[in-house]
Protein chains: 2
Amino acid sequence: MTAPLQLSRRERQIMEILYRRGRATAAEIHQDIADRPSYSAVRAHLRSLEDKGHVRHEAEDLRYVYSPTGQPAKARKSALAHLVTTFFEGSPARAAAALLDSRSARLSEEELDHLSGLIEKARKEGR
Amino acid sequence: MTAPLQLSRRERQIMEILYRRGRATAAEIHQDIADRPSYSAVRAHLRSLEDKGHVRHEAEDLRYVYSPTGQPAKARKSALAHLVTTFFEGSPARAAAALLDSRSARLSEEELDHLSGLIEKARKEGR
DNA sequence: AACAGCCTGCTAAAAAACTAGCACATCCGG
DNA sequence: CCGGATGTGCTAGTTTTTTAGCAGGCTGTT
């Protein structure tokens with residue numbers, strides 16, 4: 001039974017920060033939130049997210065450090081899949097192409113090599 | 001002055017369907033919504049989205065056909081950027097690598113060729 | 001013309017999200 | 001030992017979101 005991804009705006013903001021940082025205290029999250037609400041509000045949301053099972057905390061150094069319960073890998077994959085179906089007609093290739101677009105990002109030599117390698121691998125497996 | 005993406009949960013659902021389909025009637029959107037609300041509710045949201053400038057409609061065949069106002073390309077780019085910073089530490093290369101992962105999708109020969117081409121191009125421009 | 005079917009606009013009210021602030025605990029420096 | 005700084009739990013209130021349903025328009029059919 002996986003957590004039913006139906007988060008509100010604030011909850012999503014918080015989850016995203018957590019995914020980005022891996023783990024964070026309420027104060028850190030509060031800091032990171034763009035449209036900053038009250039510290040209190042953040043804490044309340046964290047508790048609520050914990051209730052719903054999206055987040056867990058461990059006491060550390062007198063305060064709580066929160067982290068997402070879901071495996072980051074899973075979350076990543078699911079987010080990618082969602083984006084691909086929403087914006088790229090379900091085609092991962094198109095999404096990848098958009099990422100490779102040189103206008104938006106320049107990749108290092110190593111990264112390019114790595115990607116080439118992946119493509120080669122895909123070629124072999126496809127055959 | 002572009003529309004400030006501050007949508008509620010339902011509004012987001014609707015916008016995503018619109019991006020996915022390009023254009024759709026209220027009934028079609030209603031159909032597509034996972035956690036289905038009332039038809040009436042969908043129409044209300046559409047009107048509200050139109051007020052906020054996220055959506056436009058044209059009368060067609062006695063009913064309204066809605067479509068996103070924003071350029072799809074812009075939306076795509078922004079969604080990608082957001083996802084990359086949230087889940088891939090800001091590295092487009094890692095995101096691309098995830099997309100190429102053969103376990104999640106097998107790409108056609110043509111797609112692979114195309115991607116190789118893009119990588120080559122990036123190599124040249126990087127130099 | 002009267003009706004059913006499908007559509008829109010609108011509004012009031014229910015539901016959910018969001019928030020502030022209090023009460024209480026711990027730690028630390030004076 | 002006493003305040004200030006920082007933390008949490010909780011609860012009640014406000015604001016926003018989400019919803020249903022009414023009123024009415026247009027079409028085509030009988």
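Throughout, protein chains are lettered first and strands after them, A, B, ... in sequence-line order, and every chain is numbered starting at 1.
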Handout entry: Among dT19(C), dG9(D), dC7(C), the one nearest A44(A) by side-chain distance
Key = dT19(C)

Problem - Working for side chain to side chain donor-acceptor pair (under 3.5 Å), residues E110(A) and S108(A) - result: CA-CA 5 Å; E110(A) 288 84 7; S108(A) 75; 3.3 Å; yes

Backbone of [Y] reached by a side-chain donor or acceptor of [X] within 3.5 Å:
| X | Y | result |
| --- | --- | --- |
| S116(A) | L112(A) | yes |
| E125(B) | A122(B) | no |
| H45(A) | I14(A) | no |
| T69(B) | G53(B) | yes |

Practice task
Decide whether M15(B) and I33(B) are clustered together by the hydrophobic rule: side chain heavy atoms of Ile, Leu, Val, Met, Phe, Trp, Tyr closer than 4.5 Å, transitively.
Solution key: yes

Just the rounded figure in Å: distance from [atom2] of [N] to [atom1] of [X].
| X | N | atom1 | atom2 | value |
| --- | --- | --- | --- | --- |
| D51(A) | dA17(C) | CG | P | 13 Å |
| L49(B) | dT19(D) | CG | C1' | 15 Å |
| K52(B) | dT16(D) | NZ | P | 11 Å |
| R47(B) | dC7(C) | CZ | C1' | 11 Å |
| D61(A) | dT26(C) | CG | C1' | 12 Å |
| L46(B) | dT19(D) | CG | P | 12 Å |
| R12(B) | dT16(D) | CZ | P | 17 Å |
| E60(A) | dT26(C) | CD | C1' | 16 Å |

Problem - Identified stems (criterion: three or more consecutive Watson-Crick or G-U pairs, under 3.5 Å), DNA chain D - result: C:1-30 with D:1-30

Problem - Distance-only polar pair, side chains of H82(B) and E16(A), donor-acceptor under 3.5 Å - result: yes

Exercise for the section: Measure the acute angle between the ring planes of H57(A) and Y66(A), then classify it against the limits of 30° and 60° as parallel, tilted or perpendicular. Expected result: tilted

Exercise for the section: Indicate the ring-plane relationship of Y19(A) and F87(B), choosing parallel, tilted or perpendicular according to the 30° and 60° boundaries. Expected result: tilted

Fill in the blank from the handout: What residues 23-32 of chain B contributes to the DNA chain C interface at heavy-atom separation below 4.0 Å is none

Exercise for the section: Report yes if some heavy atom in the side chain of L107(B) is under 4.5 Å from a heavy atom in the side chain of L115(B); otherwise report no. Expected result: yes

Are [X] and [N] close enough that a side-chain N or O sits under 4.0 Å from OP1 or OP2?
| X | N | answer |
| --- | --- | --- |
| S38(A) | dT19(C) | no |
| Y39(B) | dC6(C) | no |
| R10(A) | dT19(C) | yes |
| H45(B) | dT19(D) | yes |
| R9(A) | dT17(D) | no |

Practice task
Could you check whether R43(B) gets within reach of a base, just the sugar-phosphate, or nothing at all, counting any heavy atom under 4.0 Å?
Solution key: base

Exercise for the section: Find which nucleotide of DNA chain C each of S8(A) and S40(A) is nearest to by heavy atoms, and output the residue with the more 5' nucleotide. Expected result: S8(A)

